[in-house]
Novice: 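Take a look at the following structure, please.
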Amino acid sequence: MKLKSKLLLALLATSSAAFAQTAPAAPEVTYNVGVVSQYRYRGIAQTKGLPALQGGVDYASANGLYVGAWGSQIKWIEDTSTTAKGKTELDLYGGYKFPIGDVAMDVGFLRYEYVGNTLSKNTSYHNANTNEIYAAGTMGPFTLKYSYALTDLFGQFSGTKSSKGSTYLDLSATFDLGNGISVVPHAGKQTVKNMSDNTYSDYALAVNKDLGNGVVLSATAYNTNAKLAAYAVPSGLGSDSGKNLGKSTVVLGAKYTF
């Protein structure tokens, strides 16, 4: 799942920190490929603790408009039941960056497309595909971002009640320590409408090392207070049954941007 450039996991999971950057002086197309020891999004395991290959492409214009696409291997859909299928997440996004005084603003739309997913075969879910809009503001090292779901959030619903209108509030900062090293703390609050048990907070601390020539290594520690009843591999799925998808962990990643 994610919200903004991500390939190696980046810093806050999410495809997310990239949206807070300022627009380049001229139109630019960049590509990225990477690998993570596991894919976490908003603190929740997307690959059941296993490694994932990821990659994307971004176009940013001189006037602040941007579009992009990013993909990753996933396992969470198939973790919900023996009938649900879906191995690939494809995020399609676009937006506009502009200044308001000292604040760099970023507004946009993000489509989480779970290619060929059959999550709805699990009667506890609707289709996994999700649309969100978001707005972010960056001032100095700090970025505050708010996301709003226009559809059910990743297929979640409760009886006849939709999870449309779910929100995610994300506060992060980026501190440059020199020598290519940066530290990125993050705190987020995922509110799932009509499903209080699925609402949780997540926290992360990333340390990144820029090796030059587009190569960045990262180590990110994650923690959440997600309830096991809402974020665990269901029973009947072998040795992984009952596995806590929101437990604390450290994720290693490597990304190459060109």
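Fair warning: this is a prediction, and the values are worked out from it, not measured in the lab.
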Novice: Residues in ring pair (Phe, Tyr, Trp, His ring centres under 6.0 Å) with Tyr148, at least two apart?
Specialist: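 Once residues adjacent in sequence are excluded, Tyr148 has no partner under the ring pair (Phe, Tyr, Trp, His ring centres under 6.0 Å) criterion.
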
Novice: Does Tyr203 have any ring pair (Phe, Tyr, Trp, His ring centres under 6.0 Å) partners at least two apart in sequence or in another chain, and if so, which?
Specialist: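 With neighbours one apart ignored, the set is empty.
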
Novice: Grab the two heavy atoms, one from Leu228 and one from Gly242, that are nearest each other, plus how far apart they are.
Specialist: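 That closest heavy-atom pairing would be CD1-O, 3.9 Å.
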
Novice: Which residues satisfy the side-chain contact (heavy atoms from CB on, under 4.5 Å) test with Asn225, sequence neighbours excluded?
Specialist: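 By the side-chain contact (heavy atoms from CB on, under 4.5 Å) rule, Asn225 matches Tyr200, Ser201.
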
Novice: Apart from Leu50 itself, which Ile, Leu, Val, Met, Phe, Trp or Tyr residues share its cluster (side-chain heavy atoms under 4.5 Å, direct or through members)?
Specialist: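 Taking Ile, Leu, Val, Met, Phe, Trp and Tyr as members, Leu50 stands alone, with no cluster partners.
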
Novice: Are Tyr39 and Trp70, when compared by the centres of their aromatic rings, separated by less than 6.0 Å?
Specialist: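 Distance test on ring centres: under 6.0 Å, yes.
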
Novice: With a 3.5 Å distance limit and no angle check, can you tell me whether Thr130 reaches the backbone of Tyr112 through a side-chain donor-acceptor pair?
Specialist: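 Looks like no, no N/O pair under 3.5 Å.
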
Novice: Just by modelled atom types, is the Leu153 backbone N or O under 3.5 Å from a matching donor or acceptor in the Ser163 side chain?
Specialist: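 Side chain of Ser163 to backbone of Leu153: a pair is present.
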
Novice: To the nearest 0.5 Å, what is the distance between OG (Ser120) and CG (Asp152)?
Specialist: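 Taking OG in Ser120 and CG in Asp152, the distance rounds to 11.0 Å.
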
Novice: Find out whether Tyr168 and Lys189 are in side-chain contact, i.e. whether some heavy atom of one side chain is under 4.5 Å from a heavy atom of the other.
Specialist: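 No, side chains not in contact.
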
Novice: Tell me whether Lys48 contacts the main-chain N or O of Asp79 through its side chain, where contact means a donor paired with an acceptor under 3.5 Å.
Specialist: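 Absent.
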
Novice: I'd like to know if the side chain of Thr47 and the backbone of Pro51 have a donor-acceptor N/O pair within less than 3.5 Å.
Specialist: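 Side chain of Thr47 to backbone of Pro51, a donor-acceptor pair under 3.5 Å: no, none is there.
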
Novice: Donor-acceptor check, side chain of Tyr231 to backbone of Asn198, threshold 3.5 angstrom: yes or no?
Specialist: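 Yes; judged by distance alone, with no hydrogens or angles, the pair exists.
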
Novice: When you compare the side chains of Asn194 and Ser158, does any donor N or O come within less than 3.5 Å of an acceptor on the partner?
Specialist: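 Judged by distance alone, the side chains do not pair up.
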
Novice: Is there a side-chain contact between Asn208 and Leu217 in this structure, where contact means two heavy atoms from C-beta onward sitting under 4.5 Å apart?
Specialist: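 They are not in side-chain contact.
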
Novice: So, do Ile181 and Val207 sit near enough that their side-chain heavy atoms are less than 4.5 Å apart?
Specialist: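 Answer yes - side chains close enough.
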
Novice: Are any side-chain N or O atoms of Glu78 and backbone N or O atoms of Lys75, one a donor and one an acceptor, separated by less than 3.5 Å?
Specialist: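 No.
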
Novice: Mind checking salt bridge (charged side-chain N to carboxylate O under 4.0 Å, His left out) for Lys85 and listing every partner two or more places apart, or none if nothing turns up?
Specialist: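 By the salt bridge (charged side-chain N to carboxylate O under 4.0 Å, His left out) rule, Lys85 matches no residue at all.
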
Novice: Can you list everything that forms a side-chain contact (heavy atoms from CB on, under 4.5 Å) with Phe175? Sequence neighbours excluded, please.
Specialist: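 Listed in chain order: Pro141, Phe142, Ala173, Pro185.
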
Novice: Please test Val29 against Val57 for side-chain contact (heavy atoms from CB on, under 4.5 Å), starting from the C-alpha separation and ending with a verdict.
Specialist: CA-CA 7 Å; Val29 177; Val57 57; 4.0 Å; yes

Novice: Under the salt bridge (charged side-chain N to carboxylate O under 4.0 Å, His left out) definition, can you give me all pairs with a residue in residues 109-119, not counting sequence neighbours?
Specialist: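 Found Arg111-Glu113.
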
Novice: Applying side-chain contact (heavy atoms from CB on, under 4.5 Å), name anything that partners Asn122, two or more places apart in sequence or on another chain.
Specialist: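 Applying side-chain contact (heavy atoms from CB on, under 4.5 Å) to Asn122 gives Thr80, Ser81, Ser124, Tyr125.
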
Novice: With sequence neighbours left out, write down each residue that passes salt bridge (charged side-chain N to carboxylate O under 4.0 Å, His left out) with Lys227, or none if nothing qualifies.
Specialist: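 So Lys227 forms a salt bridge (charged side-chain N to carboxylate O under 4.0 Å, His left out) with Asp197.
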
Novice: Mind checking side-chain contact (heavy atoms from CB on, under 4.5 Å) for Ala128 and listing every partner two or more places apart, or none if nothing turns up?
Specialist: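 side-chain contact (heavy atoms from CB on, under 4.5 Å) check on Ala128 returns Trp76, Ile77, Tyr114, Asn117, Leu119.
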
Novice: For Gly246, is there any backbone N or O sitting under 3.5 Å from a side-chain donor or acceptor partner on Thr224?
Specialist: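 Checked: pair present.
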
Novice: So, using ring pair (Phe, Tyr, Trp, His ring centres under 6.0 Å) as the criterion, who are the partners of Tyr59 when residues are at least two apart?
Specialist: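 Partners of Tyr59 under the ring pair (Phe, Tyr, Trp, His ring centres under 6.0 Å) test: none.
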
Novice: Is there a donor-acceptor contact under 3.5 Å from the side chain of Ser72 to the main chain of Glu89?
Specialist: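 Pair absent, no side-chain N/O of Ser72 close to backbone of Glu89.
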
Novice: Under the rule for side-chain hydrogen bond (donor to acceptor under 3.5 Å, both in side chains), what residues qualify as partners of Thr151, not counting sequence neighbours?
Specialist: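 Thr151 satisfies side-chain hydrogen bond (donor to acceptor under 3.5 Å, both in side chains) with no other residue.
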
Novice: Without swapping roles, check the side chain of Ser166 against the backbone of Lys193 for a donor-acceptor pair under 3.5 Å.
Specialist: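 Pair found, side chain donor or acceptor close to backbone of Lys193.
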
